[in-house]
Amino acid sequence: MTTDASLVSRNPADPADVLVRLRAPGAFAAADAVERARTAQPGWLRAGAAARSAALGAVADALAAAADELAALAVREVGKPVGEARAEVARAVAIWRYYAQAPFEPTGAVHETAAGPGLLLSRRRPHGVAGLVTPWNFPFAIPSWKAAPALAAGNAVVLKPAPEATACALRLAEIVRHALPGQVFDVLPGGATEGNALVSAADVVSFTGSTPVGRAVARAATARGIPAQAEMGGLNAAIVLPAADLGRAAADIAAAVAGFAGQKCTATSRIVAVGAVLDPLREALAEAFRAVRVGDPNDPGTVCGPLVHESARERVAESWQGLSALAGATVPERTGWYAAPTLVEKVPPGHRLLNEEVFGPVAALLPADDLAHAVRITNSVPYGLVTSVHTADLDTALYGLDLVDTGMIRINAPSTGVDFHLPFGGAKQSGHGPREQGKAALDFYTSSRTYTLAPTGAAA
């Protein structure tokens with residue numbers, strides 16, 4: 001949590017354990033960080049592809065060597081279950097290795113002129129300083145999948161992490177700085193003041209977080225005429241068709257609802273049961289939800305750890321009040337900010353669970369008459385990040401895919417999970433601007449220029 005003057009990061013499983021307490025640096029510090037990065041960026045670009053590739057590879061090696069330490073830090077600072085924390089660090093390592101090869105990728109093309117001698121060239125060049133505003137829920141992976149492509153393309157980076165993930169960001173910065181030239185990568189702790197200042201100063205902006213803040217970031221960047229991408233909220237649906245393996249579907253959905261206490265933009269919030277599958281799915285889901293292990297995130301068996309802070313737990317607990325609960329709807333009596341994985345049904349139209357992202361381990365079971373009805377339910381919310389479809393009838397699934405208005409569709413898999421080498425992003429209020437990750441990220445962090453090469457003495 002942060003105020004205008006101070007920043008405090010606590011262990012969600014043991015709130016008395018304070019990891020970071022510091023004074024927020026303020027808006028001028030953000031402007032200074034961007035100017036230092038802007039001064040360093042040309043040298044980073046001119047060092048060449050081999051130097052950038054080697055530096056990113058060195059970051060990957062250092063992250064791999066510190067994997068146990070970093071996973072433990074994520075467990076302690078954001079309450080991520082240790083199994084997920086280890087997987088996140090491994091993903092961060094893979095991301096840096098993937099983008100370490102990017103400096104050698106082609107940056108343009110050569111074309112013939114329409115008439116006469118000469119050549120036309122298209123070439124992609126870095127913007128300058130990338131301002132990255134990142135959330136707390138993936139404290140190593142999300143900064144990595146933004147910073148690595150930005151750096152590979154020749155940009156310098158200033159990272160503004162969420163206050164709740166300050167310790168993770170500072171440790172990541174230590175590792176990255178050791179491999180890169182000075183001032184090419186900097187971290188700016190703080191809250192809204194520092195984030196707004198960074199958006200006002202950087203040459204390209206990438207944001208991940210809530211929809212209201214993301215839309216404000218997009219407006220500010222558009223007003224300045226700089227490129228921006230904003231990955232925002234989700235109210236993701238899982239569609240279960242009659243041909244589904246209900247045991248597998250229920251297990252996948254329960255994990256997507258309750259894993260990391262539902263604190264993922266890709267978590268499942270709505271479960272749409274099609275036709276006669278409703279009654280058996282209700283029983284399978286209730287059993288699967290009750291089987292989810294809630295507890296200490298240091299325990300390898302834990303799936304659902306604490307929520308990130310007390311206000312988050314209060315918001316989750318308020319969301320199920322007055323509803324018919326099939327599982328959960330309780331707050332465990334233990335130290336830390338925990339909530340039981342909760343499945344509700346008979347949710348009235350207009351209820352917040354059907355319109356807002358609660359960002360906790362809560363999902364609503366909704367009936368649908370047929371696939372077309374299920375698609376209408378899925379598309380009825382302002383968000384469009386990811387939909388999971390559970391069925392053994394792939395023809396039916398493929399028929400419905402083009403009608404689902406989400407950026408990602410996962411068949412017979414949880415809604416959670418990201419393949420870092422493919423584009424990531426959503427539709428409607430879930431995303432603004434170009435996609436993240438894969439080669440799409442390299443396009444975002446560069447601008448295209450067209451050059452005309454005419455022979456000496458040729459007419460214009």
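Residue numbers count from 1 along this sequence.
Distance alone, capped at 3.5 Å, is enough to place a donor-acceptor pair between the R224 side chain and the V199 backbone. Judged by distance alone, the side chain of N379 and the main-chain N or O of L403 form a donor-acceptor pair under 3.5 Å. In this structure, the side chain of S380 engages the main chain of I377 through a donor-acceptor pair within 3.5 Å. Between the side chain of N236 and the main chain of T387, no donor-acceptor pair closer than 3.5 Å is present. Looking only at distances, a side-chain donor or acceptor of K160 sits under 3.5 Å from a matching main-chain atom of G190. In this structure, the side chain of S6 does not engage the main chain of L22 through any donor-acceptor pair within 3.5 Å. S122 places a side-chain N or O within 3.5 Å of a backbone atom of A109 that can act as its donor or acceptor partner. Proximity of a side-chain donor or acceptor of Y99 to a complementary backbone N or O of G438 within less than 3.5 Å is detected. Within the 3.5 Å criterion, the main-chain N or O of G116 finds a donor-acceptor partner in the side chain of T113. Distance alone, capped at 3.5 Å, is enough to place a donor-acceptor pair between the R52 side chain and the L45 backbone.
The shortest side-chain heavy-atom distance between E174 and L170 does not fall under the 4.5 Å cut-off. Side-chain atoms of L132 and P143, non-hydrogen and from C-beta on, never get closer than 4.5 Å to each other. P434 has its side chain out of reach of D443: every pair of non-hydrogen atoms, C-beta onward, lies at least 4.5 Å apart. Taking the side chain as every heavy atom from C-beta outward, D393 and L241 never approach each other to under 4.5 Å. For the pair P81/F260, a side-chain contact is recorded, criterion being any heavy-atom separation below 4.5 Å from C-beta on. Side-chain contact between T208 and E436: present, with at least one pair of heavy atoms (C-beta onward) separated by less than 4.5 Å. Side-chain contact between E357 and S269 is absent, with no heavy-atom pair separated by less than 4.5 Å. Inter-residue side-chain proximity for V129 and D203 is flagged as met; some heavy-atom pair is nearer than 4.5 Å.
Shown here are the side-chain hydrogen bond (donor to acceptor under 3.5 Å, both in side chains) partners of R97, two or more places apart in sequence or in another chain: D61.
One finds the CD atom of E318 at 10.0 Å from the OG atom of S311 (value rounded to the nearest 0.5 Å). Taking CD of E310 as the start and CZ of R10 as the end, the distance is 10.5 Å to the nearest 0.5 Å. Here CG of L366 is found 8.0 Å from CD1 of I271. Values are rounded to the nearest 0.5 Å. For the atom pair CD of Q229 and CD of E231, the computed distance is 6.5 Å after rounding to the nearest 0.5 Å.
Between E88 and R91, none of the side-chain N atoms (NZ, or NE/NH1/NH2) sits under 4.0 Å from a carboxylate O, so this pair counts as no salt bridge. Note on E35 versus R38: salt bridge recorded, some NZ/NE/NH1/NH2 to OD/OE distance being below 4.0 Å.
Listed by first and then second residue, the side-chain hydrogen bond (donor to acceptor under 3.5 Å, both in side chains) pairs involving residues 256-266 are E84-K264 (not counting sequence neighbours). Within the structure, every pair that satisfies the ring-ring contact (aromatic ring centres under 6.0 Å, His included) test and touches residues 415-449, not counting sequence neighbours, is listed here: Y98-F420, W145-F424.
The 12-atom threshold is exceeded at CG of D17, counting heavy atoms of other residues, nucleotides or ligands nearer than 6.0 Å. The neighbour count for R215 CZ, taken as heavy atoms of other residues, nucleotides or ligands under 6.0 Å away, does not exceed 12. Crowding of H351 atom NE2: a count of heavy atoms from other residues, nucleotides or ligands under 6.0 Å exceeding 12.
The side chain to side chain donor-acceptor pair (under 3.5 Å) test with S9 singles out one residue from E164, H309, E77, and that residue is E77.
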Report the C-alpha distance between V110 and L121 in whole Å, list the side-chain angles of each, state the deciding distance to 0.1 Å, and finish with yes or no for side chain to side chain contact (heavy atoms under 4.5 Å, CB included). CA-CA 5 Å; V110 180; L121 307 179; 3.5 Å; yes
Test log, rule side chain to side chain contact (heavy atoms under 4.5 Å, CB included), inputs E105 and R124: CA-CA 11 Å; E105 291 289 323; R124 302 198 69 85; over 6 Å; no
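S415 and T268 form a side-chain donor-acceptor contact under 3.5 Å, judged by distance and modelled atom types alone.
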